[in-house]
Structures are given as C-alpha cells and as structure tokens.
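Structure record follows, encoded as structure tokens.
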Amino acid sequence: MNASSIFSSSSVWEAIHRGGVHHPVPADRTVTLPETDLTRFLSGLSVDIGRAAAHMAQRSRRAVDLLKGLRLYERPDGGEHHRAAVVAELFRDGRAVANAGHLDVRTLQGTVLRALRESDSLEFELGWGQAKRSAGGWKTEGPDADLAELVALARLAAVVRAARLLTGRPVTLRIVPGGRRFSEALFTRPEADDAYNERRAAMVGQLGQRGLITVAREASVSPGDLRARLAEAKSAQGTPRSPSPSELRFALFAIDWEHVLDRAGPPHGLPVPTALGAAWKRLPGPGRALLLRQLVAALVRGDAPGDRGSAEAVRWMAAVCRESAVAYALLGRITRRDGAAARGCVLTVVEKRDRPDVPVLTLLGRRHGNHLPQNVVALVTRDGVRFVPRVLVPEGARLVLAPGPGPRGRPLPFFFTDLPAEDAARALHDTDILDLS
C-alpha cells in the first residue's frame, strides 16, 4: 500500500490533495489592528454575549413548558426539577450543541439537579485545547490562540450566562487543557501549551467574563512515567491494531513536527533520516516551514519525491504517524482512567459514545461543524468571518496582528482578510460572529 493512501479526507487534507497552495504573507501586507478597533469589537461582542444568553434562556423555558406532556424530563412543572430541566434543555439547542438531537437530557437533568442540591451552584467542566500545530503552515499560522479561540470563548460564555439566568445561582465553566497528557504521542511543547492557555485566559478577561470562565493550569506530567505506562499498555494489548485512516490523518496534522525535528531523541524509536536531519539543521525558519510543507504534501498527495532522501523522509513521517495514532488512543484511555473526577457537569468537544448525556459543543458555530479553534485560522471577508485551514487563505490576503504583545512579548496573529484593513474592522464588528441567534 502506498504510504499516502492510508490518509483519507479532511478539510485540510482535501485542500492539499486538490493542489492547494500555501501563500506566504509578505511583511508589507502584515498590519496591526488598531487598539480602538479591537476595543469597539470586544465591547460589541460582550453585549452580544448577554443578548444571546437571554435569548437562549428564553427559548429553553418555552421549550420545557411545551414539552411537559411528553415526559422528556422528570417532574418539570416547578421547583428544583424544573430548574434542572431548563438547564438541560439549553443543550438541546442545535445552535450550540452537535448532539442536540439525540442527547440524553433526562440523565443530564439528574446531573444538574444533584450539583445544585449539593452546592447550590453549578460548575461545567470542558476538556479543550492544545496549542495550534501548523504542519509547516498548512493548518495554522503558528501555535498561538487567535480570533477563532476568542469566538469559541464568547460562545461558551453565552451558554454559561444562559444557565445563570435559568438557575438564579452561581454557574461557572472550567476549561481543562490537555496538551501534556498526549505529549508522548504528539510531541507537544509545554511552553507552547502554556502560552496558548495564558492567551485564552487573557481573552476571557478581554471579553469581560472573568469569574465566569477559568482556564485551569495544566498539571505537570512526567514524560518518563507516561513512556513507561505507554509501553506497558502496548505490551498488554498484544498485537497492535492498525490505526484507522481518520486516526492517521489526525496524527499527521496534530504532531508538532518542528519539535520532533528539534528534539534529541528519535520519536517512537524511529531515527530521523540522516538527510532530513542535516537539512533541518542547515535551514533557517522559513526554509524549515517550506520543507515540512513539501513533506506533508508529498504524503497526502502520494507524490513520489524525486530524490532518495526525500522519499526516505516521507516514509519516516508515515511510520511516525502510525505509532503516534496508536499511542494517542492508548494515552487517552490511560489518562482518562486515572484522571481526577470531573468537579461538575461534563461538557465535551468530541462525542463520547459511552456518555450520551454529555453535550458536544460546537465551538465555532453551525457552519463550521466540529472544527476546533486550534485547527483553523480566521478569515474575514465581505461575507463575514470564516474559520478555515491556513491553506485556504487566498493569495494576496493580509495578516492582521492583535495590538500589543502576547503572553511571551511578541505580536500575535489575529486573523487574515482579503479586505482593506479599515473594511475588515467594519466587517468584524458587523458580523453575527456568535451564530447563536
């Protein structure tokens, strides 16, 4: 089997397979969003959060009243059961929840009821977020949170505020990052994940939602312990199963290849090909990104590299992806089993087949399905804001930076646009970016 044929379709994969081209943005087309424009946008977004929360709460109350005769909820006529029912009903809204149509809301109602009884408050817990990985620039512009993460946080704030309105009680959301637990599969960098989480926490403050949403500090994980437990799990499973095409595709675009090639040890015991290692050491930053894009494209498209060194590098990448896909699945089970129990009502961004009562949130809106902020960039056009892989940013687009330095003292990408800078700021402000109405 050709090494590339095991990778089936995804938005970024399809774009590359169809011959998509990465268009670098020259320095003269990189601009900084004026502070006044950002302040105006954030002010409007904060108002939109409150308005969306009120509408969601109103829809939930009306729906529960209409459904009383259907026995969807337990004792929904009034009191604490009604309060739990209207919160559960929030998550039957397809504007915010991917599995709204088949969510086990009766069980969810019970979870909410118990939480309110125990503490007279409600805490949602959402496992979400590792720093962006660029795949050489095919997927994102770099590791940092941008407009996609800001919109996701704003949508989450609207949901939590709606729950506050429905309960009349303190309701909060705790976001639990997950970069370190998968470091032995995806070779994540702690410093990149820390900066990503700091940026998201700062965005919560920019939205005026401190106290409503917190981004938890990620617990330290011993790489040696993870490696030992991963080896034990591999040994226990006997003959390893073959990863599915979707698992391989995920690994290809989730691995931090820059870190893999920078680090001293071979990933999964697979030595970096000599020619690739030498080229990586020799090349400057833009040259390294180009090299990675070429290797990823060759793997996706099934191109046969003309020289022996490149062909060997592509085969090596395919082998690393196979091992990473297996390791990722095993680490998910290992760390889920011994992780701390959720402190409140669990939410997720990936459907849990064994938990039909857990809402699956769509972080970027209905048009973007299950796309996650860490896998896309924002593109502002006359038609509004789209969230797309970096490869779909058109030639000639501008890169707009956020004003002021980020958590590590450097300017951060905010969004791309094919509009003049002043028109982009206007479009950003005029768009129904929450997509919750």
Which pairs of donor and acceptor atoms, one on a side chain in residues 304-311, lie under 3.5 Å apart (sequence neighbours left out)?
| from | atom 1 | to | atom 2 | distance (Å) |
| --- | --- | --- | --- | --- |
| D307 | OD1 | S310 | OG | 2.9 |
| D307 | OD2 | G309 | N | 3.3 |
| D307 | OD2 | S310 | N | 2.9 |
| D307 | OD2 | S310 | OG | 3.1 |

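A search for salt bridge (charged side-chain N to carboxylate O under 4.0 Å, His left out) contacts involving R83 returns nothing, not counting sequence neighbours. Remark: Y73 pairs with E89 by the side chain to side chain donor-acceptor pair (under 3.5 Å) rule, at least two apart or across chains. Every salt bridge (charged side-chain N to carboxylate O under 4.0 Å, His left out) that R51 has, sequence neighbours left out, goes to D48. Evaluation of the side chain to side chain donor-acceptor pair (under 3.5 Å) rule for R366 yields D435 as partners, not counting sequence neighbours. Looking at residues two or more places apart in sequence or on another chain, you find no salt bridge (charged side-chain N to carboxylate O under 4.0 Å, His left out) involving R386. By the side chain to side chain donor-acceptor pair (under 3.5 Å) test, Q206 is found to be paired with no residue, residues two or more places apart in sequence or in another chain being considered. In this structure, E258 has no salt bridge (charged side-chain N to carboxylate O under 4.0 Å, His left out) partners at least two apart in sequence or on a different chain.
Pairs of residues two or more places apart, or lying in two chains, that qualify as salt bridge (Lys or Arg N to Asp or Glu O under 4.0 Å) and include a residue from residues 103-118 are E80-R117. Applying the ring pair (Phe, Tyr, Trp, His ring centres under 6.0 Å) test to residues at least two apart or on different chains, the pairs with a partner in residues 97-145 are F91-F124. For the ring pair (Phe, Tyr, Trp, His ring centres under 6.0 Å) condition, no pair includes a residue of residues 279-311, sequence neighbours left out. Applying the salt bridge (Lys or Arg N to Asp or Glu O under 4.0 Å) test to every pair with at least one member in residues 260-283, sequence neighbours left out, gives these pairs: D262-R288.
We find the CG-CG distance between L113 and L108 to be 11.0 Å, quoted to the nearest 0.5 Å.
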